[in-house]
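One structure is given below, encoded as structure tokens.
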2 protein chains.
Amino acid sequence: MATIGDVARVAGVSRSTASYALSGKRSISSAVRKKVQDAVDELGYTPNAGARALATAETKIIALLARFLSDEFAPAMLQYIQGVSNRARELGYDTLLVSEADGPAALRRLSTTRMVDGFVLLNVGESDERLDVLRQAAQPGALIGLPADPEGLDVFDLDFPASGRLMVEQLHGVGHREAILVSQSEHVVRRGGAYVWRLANAAQERAEELGMQLHHYYGASLQPEIGTDLHRFLDRHPQATGLLLNNEAAAAALPTVLREREVSAPADLSVLGRFSDEFARTFSLPFSAVDSAAMTLGRQAVEALVTRMQGSTKAEPHVVSLLPPTLDDRGSVTAPRAPSR
Amino acid sequence: MATIGDVARVAGVSRSTASYALSGKRSISSAVRKKVQDAVDELGYTPNAGARALATAETKIIALLARFLSDEFAPAMLQYIQGVSNRARELGYDTLLVSEADGPAALRRLSTTRMVDGFVLLNVGESDERLDVLRQAAQPGALIGLPADPEGLDVFDLDFPASGRLMVEQLHGVGHREAILVSQSEHVVRRGGAYVWRLANAAQERAEELGMQLHHYYGASLQPEIGTDLHRFLDRHPQATGLLLNNEAAAAALPTVLREREVSAPADLSVLGRFSDEFARTFSLPFSAVDSAAMTLGRQAVEALVTRMQGSTKAEPHVVSLLPPTLDDRGSVTAPRAPSR
DNA sequence: CTGAAAGCGCTTACAG
DNA sequence: CTGAAAGCGCTTACAG
């Protein structure tokens, strides 16, 4: 493997000159620049990442801390991962994918060994044990998911309260007066899935303001349990004309459930979910939905992180960015057949 | 951040002694070992990964080259990724997830900069452009997916021919004499998805031997097209009593299709797929299947890679390991209602 | 505009 | 059993 020393020798200049010619960090006569470039081409020189990391104290790697939880619907995670890794690459960083069960330990390990320049945390819970470790770390971090205390961290998340309100308003606006909201399982909530109740509470509140009845349930996050759950909820509220889903597994299971009940959407039941467009395509879901904006959130988190890593911005105030919900209209919401008044 | 020099100073020994005490690479009196350990604890010392990489020429990182193709069914990939990353961690390696569109360039970049110690390639095609680059690389690589020319590389894949034969035999064994096989889309085949025809050819051959009619089709790899395709295939062969699926999207779409046709499995139609158990759970699929063994293949690839990386085994012959198919019986194959003779 | 030198934080032959 | 020193391959103040 060629080193910068080899390049310098072939080009007939000093190592520092070769280095500067390549980095452009000081002015170099074009003649020398050319000699260096020729030497690089001839030798096929590429800088050694470890040596550069040691000299610059920058690894150009970010760690992506994912959590693959058994009670979670995995396909929904892939898009966050892609958003992060693609944007990172565009900005000159590689992505270390970390899926260890013990998140805090992994974070500590990568931080103290200086393997990475920063962290993106996925699936952040209400009181996430990784956050304290992250706050102590020498490297900055960005979160996808809003914790109770975002102090000292950049946070990116969908605006779940606004999403809840939007979902209710969509139903109410076309005449629905009784609906069901199916959230993720209580497991998820207990583990700190704050977004679940943040959406649910806001939806409830908005429904009350508008004088709409909203029945709220926690549904399983896995098949086939969620199917049974959906049947139960629908049985219990035969008058409900609308169904809101903040639960990906429920959305995936619904077409089957509806067919089993010989109910069709939106003729008999208006349906509005919260999932990504990619998810809808994968599962061929014909339901309108608030876009979970996974790619966007992943990209935003990386951008903020990179700014902070490169930053004179150490002291910049941290941001909590809640993405306003947008609606993917797939035509599954219409006026109820027999509108209550 | 504490360095090995700090540890040495606090422990009152030389840096080399501190280093050896920690690595255990030469014998150290227990008294000294304790002093060093105490210093480490006191300072919270962790070795700097970049410095270590430079000194040892080992980064303890492996690159996982995935390809997220738009015409591919993404959920099926996650388990390979988890298999690789979990096993790597168990063996002391971290995983760099690489999803760049230009695979050969990414591989070259990571190889020449010495960012990683080895490569795992996912989704390897018949004549994959990444392979030549990999063969030139200084680091070893393991493939998941069998290319036309596996020369110089360790390969792990499901035994697709055996899988095809097994699938046919399962149907034939209980009396089926006419069946349909739905493969992945021709796109996938054209891109080099050799496993598609390897399974199909073997299935065809075995069917001929057994005197069973097998109608082979390529189906779309995405929803909702695959649903339409399935209807078409079933319409065309009303006598077929069995359905074999080597196409994850088809498996995911089938429950809906069957319900639309008011056909039930296995009473009216025996169904046998090829997908992972995790996939079956996610989509709540009630179909028996040849397990695609994603986790296992991921783990095996990493193990082989690590052996080779640490190896005096540079010269060891390369392996092509084809995993014998195993069946997850979910009860969707039984004797046909009206067996042809 | 260019060079000689120090330093990043480790590991490991070499010497005792 | 332990230490002093060289070296891994870069970058970047310091000097000219």
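Predicted model only: the values in this text are computed from it and were never measured. So you know, we letter chains A, B, ... as the sequences are listed, proteins then strands, and number each from 1. No hydrogens, no waters, no symmetry mates; every other heavy atom, side chains included, goes into these values.
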Note to self: With a 4.0 Å cut-off on N to O distance, would you call Asp38(B) and Lys35(B) a salt bridge?
What the structure shows: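 Salt bridge between Asp38(B) and Lys35(B), a charged N being under 4.0 Å from a carboxylate O: no.
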Margin query: Distance alone, cut at 3.5 Å: any donor-acceptor contact between the side chains of Thr46(B) and Thr113(A)?
Written below: no
Item checked: Side-chain donor-acceptor contact under 3.5 Å, Asp41(B) with Gln37(B) -> yes
Check side-chain contact (heavy atoms from CB on, under 4.5 Å) between [X] and all other residues, then give those that pass, not counting sequence neighbours.
X: Thr3(B); result: Asp6(B)
X: Thr56(B); result: Arg52(B), Glu58(B)
X: Val10(A); result: Ala39(A), Glu42(A), Leu43(A)
X: Thr59(A); result: Ala53(A), Ile61(A), Asp117(A)

Next item on the list: List in chain and number order the residues that pass salt bridge (charged side-chain N to carboxylate O under 4.0 Å, His left out) with Arg190(B), two or more places apart in sequence or in another chain; answer none if no residue qualifies.
Entry: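 Per chain and number, Arg190(B) pairs via salt bridge (charged side-chain N to carboxylate O under 4.0 Å, His left out) with no residue.
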Check: If you look at every strand shown and take non-hydrogen atoms under 4.0 Å, does Ser19(B) touch a base, only sugar-phosphate, or nothing?
Finding: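 Contact class for Ser19(B): base.
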Notebook entry, point to check: Between CG of Leu143(A) and CG of Leu153(A), what distance do you get to the nearest 0.5 Å?
Noted result: 5.0 Å
Next item on the list: Could you check how far NZ of Lys25(B) sits from P of dA13(C), rounded to whole Å?
Entry: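 Value for this atom pair: 9 Å.
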Next item on the list: Grab the CG-P distance between Asp6(A) and dC8(D) for me, whole Å please.
Entry: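 Distance, rounded to whole Å: 11 Å.
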Checklist line | salt bridge (charged side-chain N to carboxylate O under 4.0 Å, His left out) contacts touching residues 293-302 of chain B (sequence neighbours left out) | finding: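 Passing the test, one end in residues 293-302 of chain B: Glu90(B)-Arg299(B).
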Item checked: Of all pairs that satisfy salt bridge (charged side-chain N to carboxylate O under 4.0 Å, His left out), the ones with a partner from residues 101-115 of chain B, not counting sequence neighbours ->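 As it turns out, the salt bridge (charged side-chain N to carboxylate O under 4.0 Å, His left out) pairs with a partner in residues 101-115 of chain B, which skip direct neighbours, are Asp94(A)-Arg109(B), Glu100(B)-Arg109(B).
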Margin query: Listing request: all side chain to side chain donor-acceptor pair (under 3.5 Å) pairs with a residue in residues 19-32 of chain A, at least two apart in sequence or in separate chains.
Written below: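 Counting only pairs at least two positions apart or across chains, no side chain to side chain donor-acceptor pair (under 3.5 Å) contact touches residues 19-32 of chain A.
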Item checked: Close residues, residues 44-62 of chain B, relative to DNA chain D [heavy-atom separation under 4.0 Å] -> Leu54(B), Ala55(B)
Are any protein N/O atoms closer than 3.5 Å to N/O atoms in nucleotides 1-5 of chain D? If there are, list each pair with its distance.
from: dC1(D); atom 1: OP2; to: Ser27(B); atom 2: OG; distance (Å): 2.4
from: dT2(D); atom 1: OP1; to: Ser29(B); atom 2: OG; distance (Å): 2.8
from: dT2(D); atom 1: OP2; to: Ser29(B); atom 2: N; distance (Å): 2.9
from: dT2(D); atom 1: O4; to: Arg26(B); atom 2: NH1; distance (Å): 3.0
from: dG3(D); atom 1: OP2; to: Ser14(B); atom 2: N; distance (Å): 3.2
from: dG3(D); atom 1: OP2; to: Ser14(B); atom 2: OG; distance (Å): 3.4
from: dG3(D); atom 1: OP2; to: Thr17(B); atom 2: OG1; distance (Å): 2.7
from: dG3(D); atom 1: N7; to: Ser16(B); atom 2: OG; distance (Å): 3.3
from: dG3(D); atom 1: N7; to: Arg26(B); atom 2: NH2; distance (Å): 3.0
from: dG3(D); atom 1: O6; to: Arg26(B); atom 2: NH1; distance (Å): 2.7
from: dG3(D); atom 1: O6; to: Arg26(B); atom 2: NH2; distance (Å): 3.2
from: dA4(D); atom 1: N6; to: Ser16(B); atom 2: OG; distance (Å): 2.9

Note to self: For a stem of at least 3 consecutive Watson-Crick or G-U pairs with distances under 3.5 Å, i pairing with j, i+1 with j-1 and so on, which stems involve DNA chain D?
What the structure shows: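 Listed by first number, the stems are C:1-3 with D:14-16, C:5-12 with D:5-12, C:14-16 with D:1-3.
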Check: What are the two closest non-hydrogen atoms of Phe156(B) and Ala304(B), and how far apart are they?
Finding: CZ-CB, 3.3 Å
Next item on the list: Give me the residues of residues 110-118 of chain B where at least one heavy atom lies under 4.0 Å from an atom of DNA chain C, by number, or none.
Entry: none
